[in-house]
Amino acid sequence: MTGSLTVVGLGPGRAELTTPAASAALADATDLIGYGPYLDRIVAAPAGQRRHASDNRVELDRARHALELAASGKSVAVVSGGDPGVFAMAAAVFEAIEAGPAEWRALDIRVEPGVTAMLAAAAEIGAPLGSDFCAISLSDNLKSWTTITRRLEAACVGDFVIALYNPLSKARPHQLGEAFDILRRHKSPSSVIVMVRAAGSGEMRRITTTLGEVDPNKADMRTLVLIGSSATRLIARDGGEPWIYTPRREELAP
Ligand code: SAH
């Protein structure tokens, strides 16, 4: 019997933001694999379903384990927060397949998309991604800091709105501050910055500031940092957080 493996995106937090297709894939699985806190978000479990919690660092080992289970005939769901293809497990699964035994290529492999942090964060604050944007992970676990700084500079040259994932961690507390230093060399100090923590989860917190004033220590690993382009605007509101948007029409840019 040939098993299956679905890489499932749980979305940013609130249950309503998990797609019905993702929920169906979770309900159909005999085995769930993922980082413990993501598995904890899945409350309903069919009888007999097994959970394999792992730590968050060993993605490739987890992918191989999932493929071995699927090859033994199981229906496996590998879970990620947000979208599984954005800085998450789906790429690790395909990397393992490419380097693995030929029989893995015969498995029924699917990816169920989810609402990624960048989209959930954007929706919390307005429409910052209305024009061209890019996403950069600041984690240098799997790529060099030199690559990251080169991409930050290129994003500035392109005047993209920038979404920063993995802004910092205990192991690398200084990277967000260094990233802001690089951005300051290329962008106006008045550039809008919004740090959105726990977007789409019911516990959302946001800090709206500028590149000149931003404090990198206000971010943590549940924070998505959005950096405006030169066109990104702020609409002030009495007694409320401002809306942030990037117009699609270029002539509205300052
Ligand atoms: N696959 C995930 C991203 C994994 S990388 C997705 O598509 O969202 C982990 C990083 O995503 C975190 O460090 C943080 O920068 C961001 N992140 C994940 N969930 C978030 C949320 N609910 N709110 C804000 N940022 C989040």
Side-chain angles (χ1 to χ4, degrees), residues 1-100 103-124 135 137 139 141-142 163 165-166 198-204 221-222 224:
M1 172 185 158
T2 308
S4 66
L5 189 159
T6 308
V7 202
V8 180
L10 298 179
R14 275 207 313 278
E16 307 92 286
L17 293 180
T18 304
T19 70
S23 298
L26 296 172
D28 285 346
T30 58
D31 293 76
L32 298 185
I33 295 189
Y35 177 45
Y38 295 146
L39 292 181
D40 292 344
R41 279 174 48 190
I42 305 165
V43 279
Q49 187 178 66
R50 291 191 59 202
R51 291 183 176 211
H52 310 261
S54 59
D55 80 31
N56 207 11
R57 296 201 146 243
V58 283
E59 285 190 348
L60 208 50
D61 290 345
R62 205 186 315 159
R64 285 194 205 100
H65 179 210
L67 286 157
E68 280 159 10
L69 278 175
S72 76
K74 305 285 193 193
S75 299
V76 183
V78 177
V79 302
S80 283
D83 182 272
V86 178
F87 308 127
M89 280 303 295
V93 166
F94 289 110
E95 188 180 338
I97 291 172
E98 189 177 14
E103 61 168 3
W104 286 356
R105 298 183 185 209
L107 293 169
D108 175 14
I109 308 278
R110 283 183 296 135
V111 180
E112 283 297 350
V115 177
T116 188
M118 173 177 73
L119 302 185
E124 298 277 13
S137 167
S139 169
N141 286 341
L142 301 169
Y165 283 75
N166 294 309
S201 76
E203 298 163 7
M204 191 279 291
M221 278 307 273
R222 287 189 77 194
L224 193 286

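No hydrogens, no waters, no symmetry mates; every other heavy atom, side chains included, goes into these values.
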A.B. asks: If you compare all heavy atoms of Gly13 against all heavy atoms of Arg41, which two are closest, and at what distance to 0.1 Å?
C.D. replies: N-NH2, 3.4 Å
A.B. asks: Between CE of Met118 and CG of Asp83, what distance do you get to the nearest 0.5 Å?
C.D. replies: 9.5 Å
A.B. asks: Could you tell me whether the side chain of Ile33 reaches within less than 4.5 Å of the side chain of Leu69, counting heavy atoms only?
C.D. replies: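 They are in contact (side-chain heavy atoms under 4.5 Å apart), so the answer is yes.
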A.B. asks: So Leu10 and Leu26, do their side chains get closer than 4.5 Å, heavy atoms only?
C.D. replies: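 Side chain of Leu26 against side chain of Leu10, heavy atoms only: contact under 4.5 Å found.
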A.B. asks: How about Thr19 and Pro113: do any of their side-chain heavy atoms sit closer than 4.5 Å?
C.D. replies: no
A.B. asks: Using every non-hydrogen atom in the two residues, find where Arg64 and Ala96 come nearest and quote the distance to one decimal.
C.D. replies: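 Looks like CG-CB, 4.1 Å.
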A.B. asks: Show your working on side-chain contact (heavy atoms from CB on, under 4.5 Å) between Met221 and Asn166 and close with a plain yes or no.
C.D. replies: CA-CA 6 Å; Met221 278 307 273; Asn166 294 309; 3.2 Å; yes
A.B. asks: Write down the atom of Pro46, the atom of Ala27, and the distance for their closest heavy-atom approach.
C.D. replies: CG-O, 3.3 Å
A.B. asks: Start with the C-alpha gap between Thr116 and Phe87, add the side-chain angles, then the distance that decides, and say whether side-chain contact (heavy atoms from CB on, under 4.5 Å) holds.
C.D. replies: CA-CA 10 Å; Thr116 188; Phe87 308 127; over 6 Å; no
A.B. asks: Looking at every heavy atom in both Leu5 and Ala70, which two are closest together, and how far apart are they?
C.D. replies: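 Closest approach of Leu5 to Ala70: CB-CB, 4.2 Å.
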A.B. asks: Could you give me the CA-CA distance, side-chain angles and deciding distance for Ile109 and Leu67, then say whether side-chain contact (heavy atoms from CB on, under 4.5 Å) is met?
C.D. replies: CA-CA 9 Å; Ile109 308 278; Leu67 286 157; 4.0 Å; yes
A.B. asks: Find the distance between CD (Glu95) and CD (Glu98) and round it off to the nearest 0.5 Å.
C.D. replies: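 Going from the CD atom of Glu95 to the CD atom of Glu98 covers 8.0 Å.
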A.B. asks: Is there a side-chain contact between Leu32 and His52 in this structure, where contact means two heavy atoms from C-beta onward sitting under 4.5 Å apart?
C.D. replies: no
A.B. asks: Under a 3.5 Å threshold, yes or no: a donor from one side chain and an acceptor from the other, between Asp28 and Ser75?
C.D. replies: no
A.B. asks: Checking the side chain of Arg51 only, and the main-chain atoms of Gly34 only, is there a donor and an acceptor separated by less than 3.5 Å?
C.D. replies: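 Side chain of Arg51 to backbone of Gly34, a donor-acceptor pair under 3.5 Å: no, none is there.
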A.B. asks: Would you say Tyr38's side chain and Val78's backbone share a donor-acceptor pair under 3.5 angstrom?
C.D. replies: no
A.B. asks: If you compare all heavy atoms of Ala25 against all heavy atoms of Thr6, which two are closest, and at what distance to 0.1 Å?
C.D. replies: CB-CG2, 4.0 Å
A.B. asks: OH of Tyr35 to CE of Met89: how many Å apart, nearest 0.5 Å?
C.D. replies: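 Tyr35 atom OH to Met89 atom CE measures 13.5 Å (nearest 0.5 Å).
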A.B. asks: Over all heavy atoms of both residues, which pair between Ala53 and Gly36 is shortest? Give the atoms and the distance, please.
C.D. replies: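 Taking Ala53 first and Gly36 second, the nearest heavy atoms are CB-CA, 4.1 Å.
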A.B. asks: Taking the side chain as every heavy atom from C-beta outward, state whether Arg222 and Glu203 have any atom pair closer than 4.5 Å.
C.D. replies: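 Arg222 vs Glu203: side chains touch.
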A.B. asks: Distance check, rounded to the nearest 0.5 Å: Glu59 atom CD versus Asp61 atom CG?
C.D. replies: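 Reported to 0.5 Å precision, the distance equals 10.5 Å.
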A.B. asks: To the nearest 0.5 angstrom, please state how far the CG atom of Leu17 sits from the CG atom of Leu119.
C.D. replies: 11.0 Å
